[in-house]
Number of protein chains: 4
Amino acid sequence: MLNRVVLVGRLTRDPELRYTPNGVAVANFTLAVNRAFSNQQGERDADFINCVIWRKQAENVANYLKKGSLAGVDGRIQTRSYDNNEGKRVFITEVVAESVQFLEPRGSSNSNQGQGFGGGSPGFSGNDFGQQNQNQNQNRPSGGFNDDPFANDGKPIDISDDDLPF
Amino acid sequence: MLNRVVLVGRLTRDPELRYTPNGVAVANFTLAVNRAFSNQQGERDADFINCVIWRKQAENVANYLKKGSLAGVDGRIQTRSYDNNEGKRVFITEVVAESVQFLEPRGSSNSNQGQGFGGGSPGFSGNDFGQQNQNQNQNRPSGGFNDDPFANDGKPIDISDDDLPF
Amino acid sequence: MLNRVVLVGRLTRDPELRYTPNGVAVANFTLAVNRAFSNQQGERDADFINCVIWRKQAENVANYLKKGSLAGVDGRIQTRSYDNNEGKRVFITEVVAESVQFLEPRGSSNSNQGQGFGGGSPGFSGNDFGQQNQNQNQNRPSGGFNDDPFANDGKPIDISDDDLPF
Amino acid sequence: MLNRVVLVGRLTRDPELRYTPNGVAVANFTLAVNRAFSNQQGERDADFINCVIWRKQAENVANYLKKGSLAGVDGRIQTRSYDNNEGKRVFITEVVAESVQFLEPRGSSNSNQGQGFGGGSPGFSGNDFGQQNQNQNQNRPSGGFNDDPFANDGKPIDISDDDLPF
DNA sequence: TTTT
DNA sequence: TTTT
C-alpha cells in the first residue's frame, strides 16, 4: 500500500554505521526538520525524525554526512516493536530511507568536523575565498557535487535481514 | 523544511474524537499499511502508523471512518515527547494528517463494526451483516461517493493549541 | 535528486499495453484526480495525469485496471520531447509509476467492463447487489483483495530502453 | 483526491513574476531535477519540470531564487489546456507549488548568469566579488539563512483566479 | 527553451 | 538525546 515520505533536514549528530551478522551495512541517523510555522512562543520547532538506511547507501551516508549536514530523504514509514529490559513492549516509528540526497557541496558543512573547535556555526564561510576554492575543485578526486553518492544504485533494498541487531 | 507523508491503509480501530479545552476537535486513528514485500515467513507485514487530525476534518473522520475503512492520508511527520507516570521521557512519532481521503463507497466498508468477530478480514464480501448494513446506509443523511467530506476545506490547520490533552 | 509523486484517481480509459522491440512491456494510462476545492462555477475540476509503467507491472495494470478503476500511483515526474510530424518539438510531462495500488476489490469497478455501453459513470451501483456479488467473490481464482498484483516485485525498474516506440 | 509532488532541483532560469488583473502575484519557474540513474550514454539526464506559485510566495521566489538556485518544492500536479494561435488544443502539465524551500545559504548561489550583475551569481566560490557581495548582504533588511521566506504563511492558496494571464 |  |  502507498507509504511514502519525503524529508529535508539536518543531521542532529553523526550517522551510526553498523553491520548485521550477515555483513549487511545499516546506518541510523536523525533528521531535524524545521517546521514551517512558529509555536506560541514565536519559535520554530523542529521534528526529530529517526531514519534507517541499508547497504551501500548506508556506507555513503556514513562517509559523506555528519552532524549538521543538510540532506533529503525519500523513503517510507516503518513501525516495529521490541521488549525492553523491563519486559515492556516499546513501539518504534521510523523512516526507512530508500534514497538520500546530499544537499550541500562537499566540505562545506557547517558542523564542527571532528573534536574540538567549539560548536561554532561557520555557515558557508567555510571555503569561500577565491583561489582556494578553485583549488579545491581541482583537488576533487573525480566528480564534484554532481556525482551523487546517494543516488539509488538501482538495486532493490532488502530489509528482511533477520539478524538485525535491533 | 520539506516534510511530506502520503499513506493509504485501513483503520485498525474506530477513530477517537476529543476536544481540547478550547473546543478544538482532534481525532486519533491508526492506519495499517501493508508492506509491498513479504517477510521471511512469506507473510506481508504491515506498518501501524498513528495519525492525528484537527478541526472539521477530525469530525469528518470520526463520522465517516471506522475500523477497517480504507483511507488515504496526506500530511507530515511530527515528533513530540512527554514524561510518563514513571517520570520517564517518552518520544512519539506520528503523522499529522492535513487531508484524508475516504477510499470506499459509502456503506461498503469491510469492517465488523463493534464487538464480535475479532479483526477478521472480510475482504469485500461487503455487506457484512446484510440488513444491518442497509440500515446504516439509510441512516446516513445523503451524499454519494463523490462528495468527499475529507476534501481540504481550504482553511489552514492550526496545530498550536497549547491545551491539547496530550 | 528528489522527485516523488503520489496520486490517487480513476482511469479515464482502459490502459494501453505495448511492447518495445526488445520485448519490454510498457503500459500507458491517464488518471483523473479530482481537486480538493471547487472552481468558480462550484464544480470540482479534475487533473488528468498521464502515467507510464514498465515491465511486469505494466501487464498487471493492463490485466487488472480498466476505465473507471480507482488506483494509487507512486512514482516520479518525467519530461521528454520529440519532433512531431510538422517538425515541431513537443514537450511531454508525465508520471513514471514505480508502483500502482489497486484500490477496489476485484470485479467491483464502476466501469463498463467490456465493449460497448457508452461511457456511463455508474458509480458504485455496479455490482453491489447481494447474491450476484457473492458469486463474484466465489469466482475469484485465488486470493482476495489483499494479494495486490501491483505490489512492487522488488526488481529495479529499467527505463532506459532506447527502442521505446515513442 | 491524493495528488502530491515533492521535488528538489535547480532553476533553469530566473523566475518570471506576473500579476493577474486582480493583482494576484504568480511566478513561473522550471526546475531541472537530475535523475538518479544514467542513460545509455552514461550521462545523467534531467527532468525539466514547470512550476507555478501564487501570492506572497510568488514574490519570495522572484526575490530570492534565480537561475541555478537549488530549491525544494512541495505541491501538486495540475493539468490545463488552451487553444493556441493555430486553433489547436494544447495540454499543459505542471506543478503548483504550495511551498518552496530555498536550499542554499543566502548569496551562495552557484550560477553565473552570464554577463553583468543583475542578482550576482557568486557560485560557491563564495563572495565572488568581495565588496560587492557584502554590499548585497548589507542591503538586505535582516534575516539569515534561517528565516525562510518560503515557509508557508499559513494562508490557503487560491488558485481559482479566472483572470490568469494564461 | 534548460540547472549544477 | 537533538540540527541550522
Side-chain angles (χ1 to χ4, degrees), chain A residues 7-16 28-35 43-51 65-71 73 101-106 108-112 119-126 137 140 143-148, chain B residues 1 3 79-81 88-91 93, chain C residues 1 3 79-81 88-91 93, chain D residues 7-16 28-35 43-51 65-71 101-106 108-114 121-125 143-148:
Chain A
L7 306 171
V8 169
R10 291 186 183 277
L11 294 238
T12 61
R13 54 179 198 281
D14 292 350
E16 286 178 27
N28 290 271
F29 58 98
T30 299
L31 276 190
V33 182
N34 296 120
R35 294 186 184 165
E43 303 146 359
R44 287 280 201 85
D45 284 328
D47 295 294
F48 299 96
I49 302 171
N50 295 318
C51 300
L65 297 180
K66 56 181 187 300
K67 186 182 178 187
S69 299
L70 186 67
V73 161
Q101 186 185 1
F102 189 14
L103 291 168
E104 290 170 320
R106 280 284 232 137
S108 83
S109 173
N110 346 359
S111 75
N112 348 309
S121 60
F124 261 102
S125 52
N137 284 322
R140 272 181 212 148
F145 190 23
N146 272 319
D147 54 334
D148 183 350
Chain B
M1 288 170 145
N3 180 343
T79 60
R80 57 191 172 85
S81 63
K88 234 182 83 182
R89 189 140 217 95
V90 180
F91 293 88
T93 298
Chain C
M1 287 169 145
N3 181 342
T79 60
R80 55 191 174 85
S81 62
K88 233 181 84 182
R89 189 141 217 93
V90 180
F91 292 88
T93 298
Chain D
L7 305 171
V8 169
R10 290 185 183 276
L11 295 238
T12 62
R13 52 178 201 281
D14 291 350
E16 287 177 26
N28 290 272
F29 58 98
T30 299
L31 276 190
V33 182
N34 296 120
R35 293 186 186 165
E43 303 146 359
R44 287 281 201 84
D45 286 328
D47 296 293
F48 299 96
I49 302 171
N50 295 317
C51 301
L65 296 180
K66 57 180 187 299
K67 185 182 178 187
S69 298
L70 186 67
Q101 186 186 2
F102 190 14
L103 290 169
E104 288 171 322
R106 289 290 223 116
S108 82
S109 173
N110 343 359
S111 80
N112 352 292
Q113 56 204 63
S121 55
F124 259 102
S125 48
F145 189 21
N146 273 320
D147 53 335
D148 183 352

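None of the values given here were measured: they were computed from a predicted structure. These numbers come from the heavy atoms of this one structure, side chains and all, not from hydrogens, waters or symmetry mates. The chains referred to below are lettered A, B, ... by the order of the sequence lines, with proteins before strands, and numbering in each begins at 1.
- Taking every side-chain heavy atom of D:Thr30 into account, E:dT2 is the closest of E:dT2, F:dT2, E:dT3.
- Atom-to-atom, NZ of A:Lys67 to P of F:dT4 comes out at 6 Å; the value is rounded to the nearest Å.
- Note: CG (B:Asn3) to P (F:dT3) measures 18 Å, nearest angstrom.
- D:Asp47 has its CG atom 16 Å from the C1' atom of E:dT1, to the nearest Å.
- Inter-residue side-chain proximity for A:Arg10 and A:Glu104 is flagged as met; some heavy-atom pair is nearer than 4.5 Å.
- Ranking E:dT2, F:dT3, F:dT1 by closeness to the D:Thr12 side chain, first place goes to E:dT2.
- Atoms CG and CD, on D:Asn34 and D:Glu43 in that order, are 12.0 Å from each other to the nearest 0.5 Å.
- Going from atom CG of A:Leu103 over to atom C1' of F:dT3 covers 14 Å, rounded to whole Å.
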message: What verdict does the side-chain contact (heavy atoms from CB on, under 4.5 Å) test give for A:Leu31 and A:Thr12, after you've listed the backbone C-alpha separation in whole Å, the side-chain angles of each residue and the deciding distance to 0.1 Å?
response: CA-CA 6 Å; A:Leu31 276 190; A:Thr12 61; over 6 Å; no
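- Helical stems in DNA chain E, defined as runs of 3 or more consecutive Watson-Crick or G-U wobble pairs with both donor-acceptor distances under 3.5 Å, are not found.
- Rounded to whole Å, the distance from CG on D:Asn34 to P on E:dT3 is 11 Å.
- The CD atom of D:Glu104 sits 11 Å away from the C1' atom of E:dT3 (whole-angstrom rounding).
- B:Thr79 meets the side-chain contact (heavy atoms from CB on, under 4.5 Å) test with A:Asp47, A:Phe48, A:Ile49, B:Thr93; sequence neighbours excluded.
- Closest heavy-atom contact between A:Lys66 and A:Asp14: CB-OD1, 3.3 Å.
- Here the side chains of B:Met1 and B:Asn3 are not in contact, with every heavy-atom distance at 4.5 Å or above.
- D:Arg13 has its CZ atom 13 Å from the P atom of E:dT1, to the nearest Å.
- A donor-acceptor contact shorter than 3.5 Å links the side chain of D:Arg44 to the backbone of D:Arg35.
- Rounding to whole angstrom units, CG of residue A:Asp14 and C1' of F:dT2 are separated by 13 Å.
- With distances taken from any side-chain atom of D:Arg10 to the nucleotides E:dT4, E:dT2, F:dT1, the minimum falls on E:dT4.
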